[in-house]
2 protein chains.
Amino acid sequence: MSTSIRIAIDVMGGDRGPRCIIPAALRSLSLYPSLHITLVGAADVVEPLLADADFDRLSFRPAREQILADDPPASVLRGKRDASMRIALELVRDGQVDGCLSAGNTGALMVLARAVLGTLEGIRRPAIMAALPVSGRLCHVLDLGANVDCPADQLVEFAIMGAAAAAELSGGSAPRVGLLNIGSETHKGNRQVREAAALLQACPALNYVGPIEGDGLFRGEADVVVCDGFVGNVLLKASEGVAGYLQAELRSAVAGSWLLRWLAPLVLHATRRTRERHDPARYNGASLLGLRGVVMKSHGAADEGAILAAIGHTVRACEARLPERIAGRIRECRSTL
Amino acid sequence: MSTSIRIAIDVMGGDRGPRCIIPAALRSLSLYPSLHITLVGAADVVEPLLADADFDRLSFRPAREQILADDPPASVLRGKRDASMRIALELVRDGQVDGCLSAGNTGALMVLARAVLGTLEGIRRPAIMAALPVSGRLCHVLDLGANVDCPADQLVEFAIMGAAAAAELSGGSAPRVGLLNIGSETHKGNRQVREAAALLQACPALNYVGPIEGDGLFRGEADVVVCDGFVGNVLLKASEGVAGYLQAELRSAVAGSWLLRWLAPLVLHATRRTRERHDPARYNGASLLGLRGVVMKSHGAADEGAILAAIGHTVRACEARLPERIAGRIRECRSTL
């Protein structure tokens with residue numbers, strides 16, 4: 001990190017709240033020497049937790065209100081003008097920080113981010129993107145739930161944003177872009193997907209590799225996979241569900257066998273690197289793309305290590321000046337479409 | 001199996017064809033003493049493979065044509081009147097067998113089954129259903145790819161068919177029916193799903209348990225999960241993809257560690273039952289529901305064991321008289337909706 005990066009963190013969101021997020025923020029200041037953090041939250045909760053902190057790169061911005069997990073997204077626009085989530089976004093808008101992170105209500109963050117920051121030129125609605133570990137690399141998948149019905153040209157916007165983000169965050173100048181579908185034949189899929197496939201094929205600025213099926217994604221067949229937010233959300237949660245289910249089955253097999261109970265420490269030791277590489281905490285942090293600023297969403301259930309990972313992703317998105325890169329890529333693609 | 005069950009098997013479909021399907025059929029005759037099988041396929045291929053078979057419960061029906069994996073579904077309706085897949089379906093229609101099984105082109109099977117057998121009263125289009133192993137039980141998921149765009153009342157048809165099938169195949173009189181969604185709040189999901197949720201809530205003949213997310217499905221939160229065929233197909237393939245990916249990662253961890261290579265035989269022995277319980281071959285066989293007859297689809301890549309499992313599922317669906325049960329459940333639900 002050459003120049004200083006400033007980020008705001010909404011400490012009031014997530015299942016574990018400030019007691020988890022603030023220690024993670026303090027650890028990140030040690031990890032990233034040029035990072036400046038503004039914590040945003042309730043003074044009576046945050047200040048006691050900062051009593052022993054002596055970082056000069058840490059500041060605090062009090063907020064009198066808080067967005068709750070069950071606040072309907074539409075209602076947060078009118079009320080709660082002094083909510084920590086909104087203030088963090090306003091710090092981005094006003095240029096006081098380069099980006100922000102929240103573990104709060106996803107729908108509310110999406111609505112507020114769009115209202116406070118606005119979308120980039122040529123982008124109608126932001127999308128949520130996360131990176132999944134597949135076959136030794138990362139696959140960037142979007143949208144993961146912000147947009148449940150997507151016409152073809154919106155899927156193309158996702159492809160352009162995802163390609164820009166993958167190039168900046170994972171390296172490589174021409175990330176392979178795939179469209180999630182249920183078969184490789186051109187008649188497969190719904191109307192939106194078939195139309196989007198035709199548009200993507202006609203865009204020379206993208207390295208479009210064609211349809212990707214649910215299993216092909218996990219075989220690493222693309223660096224970016226585009227889908228509507230309903231499908232993407234189901235895909236993401238089902239993948240987490242399968243992984244969690246198989247883990248639970250293995251644990252119960254271990255519990256039920258004296259041999260496995262005896263071998264477990266050896267096996268755990270020998271598989272440590274593989275398990276670390278797939279620790280969900282490492283991949284915590286979904287980008288809200290298409291906004292005039294960096295906005296990162298942490299999983300609500302994130303623990304301290306997972307929040308630390310999400311702070312790292314926020315720092316990298318700020319360093320890469322992701323919104324500017326996306327805006328540039330959109331201009332490039334529009335001129336060739 | 002008390003009374004005799006007669007099924008037709010299209011031996012020409014699938015990646016491995018008759019050399020895999022015929023041995024599986026012969027094994028199934030030993031397993032199910034009241035089973036009668038009619039093999040349908042090319043005489044020059046099938047007859048040599050039957051040279052040593054002396055079952056009196058086995059018959060052969062020659063077919064001069066074959067549906068290929070890349071035949072467009074629409075084209076199989078007009079041409080190939082003598083294809084093995086079509087003949088197997090005609091044997092069901094004419095009452096010569098109780099049900100049929102094919103490992104061939106899914107789209108073609110769907111189109112031909114609908115044309116040859118017709119749908120049950122009150123069902124517009126058939127759906128594809130499979131059972132996934134989750135938390136010690138089975139979860140029946142539909143649709144898995146036959147219908148990419150589904151209005152709300154079609155999702156309700158899936159729920160009724162899935163509930164009837166789950167009750168017959170897995171036991172239990174009131175299977176819990178869930179609707180796949182991306183959150184539990186009523187504003188979540190697309191229009192079709194929100195409308196379907198309202199219709200399902202108003203149907204006392206179904207044990208509707210509400211929205212199920214991708215991870216909840218694998219926690220066993222429902223016995224039947226309903227979704228459109230695009231989402232279902234992505235869910236199924238992504239689940240297979242994650243499981244396959246994790247297996248490959250474990251294999252590579254074993255290959256890279258002398259300790260794990262040394263422990264592998266012990267671990268494989270101790271996890272045998274868990275691994276058998278999750279062997280994909282066991283769950284091979286997807287039902288085409290909503291037709292006037294039992295039609296089962298095997299995975300194209302199925303090996304002999306997987307075909308054997310699919311024959312078992314076909315036998316059980318015939319024993320349960322699944323089409324009649326579904327028709328009855330539809331009448332019951334229509335009268336209360």
Side-chain angles (χ1 to χ4, degrees), chain A residues 70 72-74 107 133-135 145 148-149 180-183 185 187-191 193 213-220 227-231 233-246 248-250 252-254 256-257 259-260 263 266-267 269-271 273-275 277-278, chain B residues 70 72-74 107 133-135 145 148-149 180-183 185 187-191 193 213-220 227-231 233-246 248-250 252-254 256-257 259-260 263 266-267 269-271 273-275 277-278:
Chain A
D70 52 0
V134 300
S135 300
V148 290
D149 285 307
L180 193 63
N181 205 339
I182 61 172
E185 302 89 343
H187 66 269
K188 285 286 178 78
N190 53 31
R191 191 174 45 78
V193 166
E213 297 187 63
D215 47 348
L217 189 156
F218 289 95
R219 283 196 300 267
C227 56
D228 76 48
F230 192 98
V231 173
N233 192 277
V234 167
L235 171 92
L236 180 73
K237 288 179 180 161
S239 309
E240 292 170 355
V242 171
Y245 170 62
L246 292 178
E249 286 291 301
L250 277 180
S252 111
V254 170
S257 150
L259 178 61
L260 286 179
L263 292 176
L266 292 173
V267 173
H269 174 78
T271 56
R273 280 180 55 198
T274 302
R275 287 183 297 111
R277 205 163 58 235
H278 297 90
Chain B
D70 52 0
V134 301
S135 300
V148 291
D149 285 306
L180 192 63
N181 204 340
I182 61 171
E185 303 89 343
H187 67 269
K188 284 287 178 79
N190 53 33
R191 190 174 46 77
V193 166
E213 297 187 62
D215 47 347
L217 188 156
F218 289 95
R219 282 196 300 269
C227 56
D228 76 48
F230 192 99
V231 173
N233 192 277
V234 167
L235 171 92
L236 180 74
K237 288 181 180 162
S239 310
E240 293 171 353
V242 171
Y245 170 62
L246 293 178
E249 287 291 302
L250 277 180
S252 112
V254 170
S257 149
L259 178 61
L260 287 179
L263 293 176
L266 293 173
V267 173
H269 173 77
T271 56
R273 280 182 53 200
T274 301
R275 287 183 296 110
R277 207 165 55 238
H278 296 90

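These numbers were taken from a predicted model, which means no experiment stands behind them. Just so we're on the same page: letters track the sequence lines, and every chain starts at 1.
- Residues passing the side-chain contact (heavy atoms from CB on, under 4.5 Å) test with A:Leu250: none are found, sequence neighbours excluded.
- Legend: residues meeting side-chain contact (heavy atoms from CB on, under 4.5 Å) with A:Arg191, ordered by chain and number and at least two apart, are A:Arg194, A:Glu195.
- Using a 4.5 Å cut-off between heavy atoms, B:Ser257 touches chain A through its side chain atoms alone.
- Among A:Leu266, A:Leu259, A:Val254, A:Ile182, the residue with the largest count of heavy-atom pairs under 4.5 Å with chain B is A:Ile182.
- There is no contact between B:Asp70 and chain A, counting heavy-atom distances below 4.5 Å.
- Looking only at heavy-atom pairs under 4.5 Å with chain B, the residue among A:Gly189, A:Pro72, A:Ser252 that has the most is A:Gly189.
- Counting heavy atoms from C-beta on, the side chains of B:Phe230 and A:Asn181 come closer than 4.5 Å.
- When side chains are defined from C-beta on, B:Leu246 does not count as touching A:Val242, because their heavy atoms never get closer than 4.5 Å.
- Note: B:Tyr245 OH to A:Asp215 CG = 15.0 Å, rounded to the nearest 0.5 Å.
- The contact between A:Asn190 and chain B is made by backbone and side chain atoms together, counting heavy-atom distances below 4.5 Å.
- Note on B:Arg273, B:Glu240, B:Glu213: by heavy-atom pairs under 4.5 Å with chain A, the leading option is B:Glu213.
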